[in-house]
Amino acid sequence: MSGVGERRFSRDHEWARLDGDRILVGISDYAQDAVGDVVFVDLPAVGVQVKAGEAVAEVESTKTVSSVMSPLAGTVQAINESLGGAPEQINADPYGAGWMFALAVDGSAQRTELAGLMDEATYLAYVDELAT
Amino acid sequence: MPESPLAAVHQRLGARLTDFAGWQMPLSFTGTPDEHTTVREQVGLFDLCHMGRLRLTGSDAQSLLEYVTPADIAGLAQHHCRYTVVLQADGGIIDDIIVTRMPDSVFLLCVNASNRQAVIQHLHEHRGERTVEIVDISDSVSQIAIQGPASTGLIRSLLGEPFPEFMAVATGSFNEVPLIVSRTGYSGELGVELFVPTTVVVPLWEALLLDAVPCGLGARDTLRLEMGYPLYGHELTREVTPVEAGLSWSVDWDRGGYLGHDVLHRHRDTPTSRLVGFVLTGPGIPRAGCDVLIGGQVVGEVTSGNMGLSVGRGVGMAYLPISHSKAGTELTIDVRGRHLTAWVTRPPFYLRGTVRDATPTP
């Protein structure tokens, strides 16, 4: 598993994308819009083991707070420190500068999990259904 | 659900809407943090049509207001405004309102949307034999706030009027229709609230939009919180008196003859509980409902909390036992299981508000 992969999505509105030896994780455009203007982000500690579906981070807007579930199991290899001073990047660029944390690539079970997430077209159809 | 006469304009501007006190109102237009900063630094517009507006007329209007509020109404000069509370017999707060004395024994009351009917009912219940007419003018008169340090130029150019002093009103006009320009607000910044016939509120709002940024209730809430202004339903309820709520300054301690008088004096002389402000020492955001602890014991609950957008820290308010309410007291706020440290602080949290600035000369 290497190189830059396509974004895949969880039912909880997180995305995951292979990026070299790590998998970047963030929240979807739909999720950032639903949360509203993000003013504070609480990220997991580097080195912690997380399970798929586990609440590992929080995004807070002026209106509400939302848990972020890890879409995959793994070890947190890095967090996006720049969100501390500029949490609004989650709204402005949820799939780029607004990434939240990175998991270390660690084998075939994780690869199966990643493949099991929705591709973008499926996710967008899923979101459309939620809206109706 | 009732909606503002400006609803179609808000929709055109792509406002994000929220349900507030049964009204569908704008939560934000471009985003709460942007709108908040615009009001602190430039000028923003708020649609306040959801608020209740009452007119009291008749020779006993003052007497009725002196019975249901603890404020000095007799000493309120013509064309001046006073912030006060409507009290029930046990001193509990039915609403917090602004009373403005107009000419000819007319009083204008601005009340909270959620309490409009309760205030009207309370006034009727206690009017007794007084000669007073209570008219709900909320539909025929609309309300807009223009808030921010740059509001003076905008108001002068559009309404052609002298800018009133703090807590006073002037008469302006728009398209030759008279309107009331009131130097009041809820942002902590220099600004006014306009009371305008609903028939002209849309063209007036459109004209204001050319020079000011529309703001939603989200920014209205973050702005008022940074000033430590209470919000009915959060800091103010029927369960607390204005003394406990830190509103002793608004009480006329020299007079009697109003509902709740004895309870207010008792709370002043032997206080047990007091609304305080607090600031987090580190990252995090306190929210309404979070427990407040001292020495591991729960001593209170957060009534309002959010990120102080101009302060850069989480700020909030809570009722605490009087023994723990001094500025500098260390608190622990339980934010979803995380224990965050805070200090009791006397509001405002934001110290550079321009609300009381002298009226600038043109």
Side-chain angles (χ1 to χ4, degrees), chain A residues 12-13 27-46 48 50-51 53-70 76 78-94 96-98 100-101 127 130-132, chain B residues 14-20 25-40 215-226 231 234 279-280 282-290 302 304-316 333-340:
Chain A
D12 299 318
H13 307 284
I27 65 170
S28 73
D29 188 49
Y30 171 87
Q32 69 77 20
D33 189 61
V35 171
D37 306 291
V38 178
V39 291
F40 182 70
V41 181
D42 186 54
L43 296 171
V46 172
V48 301
V50 302
K51 298 190 199 98
E54 182 183 345
V56 294
E58 285 178 344
V59 287
E60 298 203 44
S61 68
T62 49
K63 191 75 185 159
T64 185
V65 52
S66 300
S67 294
V68 177
M69 323 294 179
S70 182
V76 176
I79 57 173
N80 185 353
E81 304 272 6
S82 77
L83 295 178
E88 66 275 10
Q89 291 177 107
I90 288 185
N91 297 115
D93 190 10
M100 295 182 67
F101 58 93
V127 165
L130 291 180
T132 56
Chain B
R16 193 182 279 249
L17 300 174
T18 187
D19 175 6
F20 184 82
M25 296 298 291
L27 175 66
S28 63
F29 291 84
T30 56
T32 295
D34 282 353
E35 293 163 21
H36 176 108
T37 304
T38 297
V39 172
R40 288 270 180 261
C215 302
L217 295 183
R220 186 167 157 84
D221 191 49
T222 56
L223 288 160
R224 71 91 193 169
L225 177 62
E226 275 189 333
L231 172 62
H234 287 253
V279 179
L280 295 190
I285 304 181
R287 301 282 180 177
C290 290
V302 176
S304 291
N306 210 324
M307 178 61 86
L309 295 173
S310 302
V311 175
R313 281 187 188 278
V315 298
I333 314 296
D334 183 340
V335 180
R336 297 178 300 281
R338 258 174 306 164
H339 283 191
L340 307 181

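First the proteins, then the strands, lettered A, B, ... as listed; each starts at 1. No hydrogens, no waters, no symmetry mates; every other heavy atom, side chains included, goes into these values. These numbers were taken from a predicted model, which means no experiment stands behind them.
Counting only heavy atoms from C-beta outward, the side chains of A:T62 and B:L309 approach each other to under 4.5 Å. With contacts defined as side-chain heavy-atom distances shorter than 4.5 Å, the pair A:D33/B:R16 qualifies.
Interface residue A:E58: only side-chain heavy atoms are found under 4.5 Å from chain B. Using a 4.5 Å cut-off between heavy atoms, B:T32 touches chain A through backbone and side chain atoms alike. At a 4.5 Å heavy-atom cutoff, A:S67 makes no contact with chain B through either its backbone or its side chain.
The minimum heavy-atom distance linking B:G31 with A:D37 is given by the pair CA-OD2, 3.3 Å. For A:E60 against B:I285, the heavy-atom pair with the smallest separation is OE1-CB, 3.3 Å. Of all heavy-atom pairs spanning A:K63 and B:R287, the tightest one is C-NH1, 3.9 Å.
Top candidate by heavy-atom pairs under 4.5 Å with chain B, chosen from A:S61, A:G36, A:G84, is A:S61.
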